[in-house]
Structures are given as structure tokens and as C-alpha cells.
Number of protein chains: 2
Amino acid sequence: MKLSERKLKILQAIITDYIETAEPVGSRTLSRKYDLGVSAATIRNEMAELEEDGYLKQLHTSSGRVPSDKAYRLYVDQLMESRILAKIQREALRESLMQKFHEVQNLLKHSAEYLSQLTDYTSIAMAEKTKENRIKHLQLVPVDEERILVVLIMDTGLVKNTLLRIGENLDPRELQKISNLLNHHLQGMEIRQVSQLVIENMQRELYEYRRAIELILMHLQEVVKEVEQIDVFFSGTTNIFNFPEFNDIVKARSFLAMLEEKELIKNLLTLPDQEGLRVSIGRENLYDIAQECSLVTTTYKINNRTIGHLSVIGPTRMDYTKVVSIMLQLNKQLNDLLRDNY
Amino acid sequence: MKLSERKLKILQAIITDYIETAEPVGSRTLSRKYDLGVSAATIRNEMAELEEDGYLKQLHTSSGRVPSDKAYRLYVDQLMESRILAKIQREALRESLMQKFHEVQNLLKHSAEYLSQLTDYTSIAMAEKTKENRIKHLQLVPVDEERILVVLIMDTGLVKNTLLRIGENLDPRELQKISNLLNHHLQGMEIRQVSQLVIENMQRELYEYRRAIELILMHLQEVVKEVEQIDVFFSGTTNIFNFPEFNDIVKARSFLAMLEEKELIKNLLTLPDQEGLRVSIGRENLYDIAQECSLVTTTYKINNRTIGHLSVIGPTRMDYTKVVSIMLQLNKQLNDLLRDNY
DNA sequence: AATTAGCACTCGATTAAAGTGAGTGCTAAT
DNA sequence: ATTAGCACTCACTTTAATCGAGTGCTAATT
């Protein structure tokens, strides 16, 4: 069942108008505001049919109509035309990203900040759990007589450093020796894979430091446990107050409460393994609280392993054109950066 | 002008009741609910005088009365008796903090999480700018052929690591040599103090690596610039929806918007250089938007240098007794931890 | 002299009723 | 097939009426 050219035109006008005004749109407004070449009465008839087909919804008998999730889906898939960001804006973006690139862990976070500024919606940055990350390098750094700093570099660029109070007083040369041994045995492994056997092997090899080795490895296990917590960052959360759909305190509250549920956010962002950019609209989201929201999400990888997601979340009445354009741009720039640096 | 015993008793009852119910309290409720030994009429007369003295406010002629900031101040300074946390709770807290202690940077953040959970208010963790931090140790770690990891340890326990793409291919021994040189010259200095002269000295000393040395130092300058941004973390922001005073969308919005103003938050938390615990009530805060809020703030130091602040923020009608008790406990535990580890 | 009971009064909050207007569906004319 | 016309619907706004917790004042009581 395909929609006629005219129905599409009307539907597009309705969606555009509703995205702009957040008010249910009626036939009269439509015929006056948009040049559709037919009268209000005709539009009324077409609207009735669009409603039958599930593209429009009426809040009550005597109100204008509002696009359904199905309509937004059609809009995103077919009607919308993505704009290209101005070149200046593009280059400013690139500049800013470059500057923030020193610390990999913060890249997503900073990107989220730009994203919420550019789109005026709320943005989410989520770093993937590092469960399956492999050790790339491990370094022991002396801090003072009592303590060392353990620096752990993963293959996805994640760097984790933690203080460890070590009983013995080890000089830098000794530490280097232990570092070398650890690197030799652990490189390319997942930390959780490190078995008792491997530990014993190492202890045998450097018998005089067997206590230190044990301490360090116990410590690493704990650190990894900590790292496995989901790391979610938000920007522009108060932007939702700009949207009439959240103007009621209960809605606003439940939106903000939703953001605090890390598990839920994680599931919203990671759903199917889809390439590039994903738009999920309203009831397409499996959680009740998210069914009046839409998300536009992109996924980032290093070495073909997902390192995180970036997402824009807002009401289903979202300016998809704007958001998608901006995210496509950002996606491109970030991917370039990641490719060049990893 | 001192308040009579009876006035104090009445005032205390009013504050207690208002903190509990958030409703203006009238003379009748008061005489019924609290055993004050006098009739409602007498209370009415006393209340009228308390209002004259600025301890109570009336929203309109025929409403009950509400404590003023002045009343809260009196309450916090004289009437309130801080409870002691149950021993079990105390030990659970200690346990949790210990576990999160691996990374110094995250300690404040995690503390804030506990704080908002325990108090049911919003909590703020703020790390001090590191402008004046001194370099404790600096380590160059090889990552692969092209890049090294620069690990910077400050005397306040802050650790910062950043990737640096370095042109030359340096083997670990060479890197160690440069590390040593850098440490020798830079230890105990503030990064911003590192002058061109120092750099030239080092370059002369290790002439063959002069390019690497320059690169690293340029890089450090940039990193420090980045670190100087204020780092603020919140927990339990949606708790404010539990308070009737923020039940109106405009108030809730402006509260949340206030939190997003990092500069403002910084000024709220750092005001006077006061030891221990500080309570600032309503209009005592210099910013308009914060004048309906109270903050309870503690400051943390390492080596007598401030490393950060922890704060609980909520309506002036805050359960000061609860919040202050909890914060005193946490403060003690954290200080113990910091003393033992730094 | 201090305390208390009694009472008229105030004023925000709640409820009820009336009025408004944008939008619809249907019918008949074009 | 399209459009003008019209009666009808229903959320939203406005106005009026009522309610009730709380006060201040006065006169009686301790």
C-alpha cells in the first residue's frame, strides 16, 4: 500500500509543521501556511485516510492531528533531506576535536558536549565496557618509597592508572625488570584470562619478586572490575525543558530519572549491531519510559572493536533533519581522527 | 537581643515541622503536635514577635509561618544536635570508600555518589584547579613505534596521562634516559613555571634528543591547560524533584541550569577559606539563583593544598541535622584515608 | 500581669459553570 | 474529484462561588 504523491506532500507538511510548533496541525492552517494547491476540505479528506493508515493520530475528536511514530519513520527513511553543515562550522568542529584529543577517554565526552551545543538536544556519550580489551602495555612507575603507579594501556586506547602501595622498596631498575616480565607474559591477553598458571610461571621466572608480582596482579583484577562499570556521560540535559512535551514536571522528572539508569541507557544505545547511524523512534524503543523519545545513535570502533557510542536523545518530535546532518558530520570527523591515531 | 527559652523552643518546633512537611506552620498545629505547655493563642503571640525579629515570614496574612534564613542560621549554629551515624553504616561507608580508592581522581566522585544516596539531596564533587600543582614524577612509556604515553604525577595525587605522537622511533632505554633527565630538572616545579631557559638547559644536556624534549614539553603545557578546566561532578540531581519547592517547572529548571554553570558552582563551593564544614543558607549565597538553596560544604587537602570540595545542595528547608551528621562522618573517613595514603 | 477562649476577618485554594474557538465530519453544490 | 457551508465536539479559559486554615484582637480567666 503506497501513499500517493499528494498524501506524501501533505504528510511532510504536517510533520514539518509539528516539528516546528509542537501543536497539533489542522487542515486550515495547513492549506494557508503551505502551498499545497488544494483546499482545506480536500486536505481534511486526505488526513482522514492518513489517519486510517496509521500515519496520523488525533488526541480528541475536535483537535488537529499529530504524526505517529510510523510517520516519523517514513520521514526519516524517505522524506527527509539531510543538510550539509557550513564549511566554517565543519572546520571549527575539527579544530576543537583535535585539541581535546590528548586523552582518549575524554574524546567521546567532549564530542557529546559539542553535540548538545550544536543540536540543542540532550546528548549521551557511552564508553563500552572494557571486558574484552587486551593489554597492550603495562608500566610500573615509582612514585615514592612506598608506592608505585601502575599504568595499564589497552589495545582500544584506554589508559588506566592506579596507585599501589607495595611493601618492598623497589628501585626503578628493579621495577623495570618486573615491568618487562609482565609485558612479556601479558601482552595481548585479556586481564580476566590471566590464570593462576601464568602467575606462577612469572613468579618462578623472577622468584625474588614473587610477592610484588602477586600483589600487582591481584590489583589489576580489581582495577578491571572497576573499569567494567558502564561509563555514561551526558550533556545538555536541561535542554529538554525547552520542549513543550516535557513541560510537565512528571514528564521532565521521568526523563531525567531515565538518564540516571545506566543499564537502561546502555541497552538503548547498543541495541542491534548496525553500522553507521541509527535512528530509533518512540515505541521502537523497548523501554516504556523511552517511548516518547527518539534517539539518533552512532557507534565508534578501534581495531574493529566497539569503543563507545554517541547519541542524541529528544522527543519523538525531533528535528531529525538537523540532528542527522550534524551527527553524520561529527561521525565522519571522529572516524578520521580515530583512524589517523590508532 | 536574646530570645527567651520559650521562644527558642517554639522556633525549634516550627523549623522541625517545616523541614518535615514543607507546609507553613500555624499556631494550632504547633500546640497540638508538639508539647509546648502553652495554648495556641500564646504561641500566636510569640510567633508575632518572632516575626518582628525576622525569624519567621508569612506568605500572606492568613497563612501559617515559615522560617527565615536567619532562623535556619540560628538553628544550625545553636539548636541543632548532630546525630551519630550507626556504626554499621559507618563501616559500610569505610569499606566502599576503600574499594574506590585505586584512582585518586575518582575518590571525590564516588564520595559524592554516596553522599547523595545517604542524604537524598543533590551532591557536588569539585576538583580544584591544578594550576599550582607541582610535578612529582614524570614517566614516558612506549606504546608502539610511533607513539609514547606521557604519565604525569602531581604532588596532590593527580595523575594525568596523554598520548603523544613522536616523530622519532625511540627504544625504551632511550625513553628512560629522557624520563630521567626530565624528572631531574622538573621535579617539584609547577609546569607553568618551566621556562625556556630550563628547556634549553635540558636540550643542551641531551642534545641528540632535543627535538623530543621540546615536543614533550610543548605537549605538557597543552595538557596542563586542559587540566585547568574546572572539573565538577554531580550525583542525585533528580532528587530535587522530591521537594515541593521545586515542584514547579520553572524552579526545577533554574536549579538544574544553575548546576550547569561551572563557574558559579565553583564560586559557591570555594567562598571563604574556612576549615572543616561550612553551611551557607539561602541569601547568604551571593548568586540570585542560589538564594533559595542551602549548601553544606567540606574541603579536602593533601599536603596542605586544597584538592577539592564536596557539597550537598538542597532547598533552604534542608534537613541540616541529617546532612551535617553524614558529612561530618564522611569528612572524617576521607581525611583518614587521605592522611594514610598521601 | 500573663494566659487563654472566642470570634470576625483574610485570602489562597478548590470547585462549578459558562463561554470561546480551532478543528472535524458530513452534505450538497460546483 | 473538489470545495464551500454548516452543525457539532471538546479542550481550554474565564468568572463566580465556596471553603477552610490561620490570624489578630478583645474580653474573660488564672
Side-chain angles (χ1 to χ4, degrees), chain A residues 3-11 13-15 17-18 20-68 71 244-245 247-249 251, chain B residues 3-11 13-15 17-18 20-68 71 244-245 247-249 251:
Chain A
L3 295 179
S4 70
E5 198 64 35
R6 191 168 71 184
K7 279 210 181 66
L8 283 178
K9 221 164 139 191
I10 291 174
L11 188 57
I14 293 173
I15 296 177
D17 199 72
Y18 186 64
E20 186 192 331
T21 65
E23 296 290 332
V25 349
S27 54
R28 170 131 33 150
T29 334
L30 221 45
S31 80
R32 231 179 300 171
K33 203 163 160 190
Y34 301 87
D35 189 26
L36 296 166
V38 286
S39 78
T42 312
I43 294 175
R44 263 204 296 284
N45 291 331
E46 296 283 50
M47 282 170 83
E49 288 179 36
L50 281 169
E51 181 166 3
E52 265 178 39
D53 292 347
Y55 290 102
L56 295 178
K57 273 184 303 189
Q58 226 173 353
L59 304 177
H60 51 87
T61 4
S62 66
S63 82
R65 279 155 168 121
V66 159
S68 69
E245 32 271 269
N247 232 332
D248 128 53
I249 198 94
K251 291 274 176 64
Chain B
L3 294 179
S4 70
E5 197 63 33
R6 189 167 73 184
K7 280 211 181 66
L8 281 177
K9 222 164 138 190
I10 291 174
L11 188 57
I14 294 173
I15 295 178
D17 200 72
Y18 186 64
E20 187 192 332
T21 65
E23 295 290 335
V25 351
S27 53
R28 170 133 30 152
T29 336
L30 220 44
S31 77
R32 229 179 303 171
K33 206 163 158 188
Y34 300 88
D35 189 25
L36 295 167
V38 284
S39 79
T42 310
I43 296 175
R44 262 204 296 286
N45 291 331
E46 296 283 50
M47 283 170 82
E49 288 180 34
L50 281 167
E51 181 166 2
E52 264 179 39
D53 291 347
Y55 291 101
L56 296 178
K57 275 181 302 188
Q58 225 173 354
L59 305 177
H60 49 88
T61 2
S62 66
S63 83
R65 278 154 169 120
V66 159
S68 69
E245 33 269 270
N247 231 333
D248 128 53
I249 198 94
K251 292 275 178 62

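Chain identifiers are assigned alphabetically (A, B, ...) following the order of the sequence lines, protein sequences preceding nucleic acid strands; residue numbering begins at 1 within each chain.
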Roughly how many Å is it from CZ in B/Arg44 to P in D/dG22, rounded to a whole number? 11 Å
Could you tell me the separation between the NE2 atom of B/His60 and the P atom of D/dG20, rounded to a whole number of Å? 16 Å
Are A/Val38 and A/Arg6 close enough that some pair of their side-chain heavy atoms sits under 4.5 Å apart? yes
In whole angstroms, how far is the P atom of C/dG25 from the CZ atom of A/Arg28? 14 Å
Over how many whole Å does the gap from B/Asn45 atom CG to D/dT23 atom P extend? 11 Å
Proximity to the side chain of A/Thr61 - top-ranked nucleotide from C/dA5, D/dT9, D/dT23: D/dT9
Please determine if a side-chain N or O atom of B/Arg32 lies less than 4.0 Å away from the OP1 or OP2 oxygen of D/dA21. no
Separation of A/Leu59 atom CG from D/dT9 atom C1', in whole Å? 14 Å
Would the distance check show the side chain of A/Ser68 and the main-chain N or O of A/Gly54 forming a donor-acceptor pair, the cut-off being under 3.5 Å? yes
Are A/Thr29 and C/dG23 close enough that a side-chain N or O sits under 4.0 Å from OP1 or OP2? yes
To the nearest angstrom, how far is A/Leu30 atom CG from D/dT3 atom P? 14 Å
Check B/Pro24 against B/Tyr18 and note the closest heavy-atom contact, atom names and distance. N-CE1, 4.0 Å
Residue B/Ser62, side-chain atoms from C-beta onward, closest of D/dT3, D/dA21, C/dT24: D/dA21
In terms of heavy-atom contacts, does NZ of B/Lys7 have more than 12 from other residues, nucleotides or ligands at under 6.0 Å? yes
If the cut-off is 4.0 Å, is B/Ser27 near the phosphate of D/dT23, judged by side-chain N/O to OP1 or OP2? yes
Starting at CD of B/Gln58 and ending at P of C/dC11, how long is that distance when rounded to a whole Å? 10 Å
Grab the CD-P distance between A/Glu51 and C/dT24 for me, whole Å please. 10 Å
Kindly indicate whether the side chain of B/Ser39 and the base of C/dT4 share any N or O donor-acceptor pair separated by less than 3.5 Å? no
If you check every side-chain atom of B/Thr42, which of D/dG24, C/dG23, C/dT3 has the closest atom? C/dT3
Both distances under 3.5 Å, Watson-Crick or G-U wobble: report the partner of C/dA29, or none. D/dT2
Partner nucleotide, any strand, of C/dG19 [Watson-Crick/G-U, under 3.5 Å]: D/dC12
Just one of B/Val25, B/Ile15, B/Leu50, B/Ile10 clears the side-chain contact (heavy atoms from CB on, under 4.5 Å) bar with B/Leu56, so which one? B/Leu50
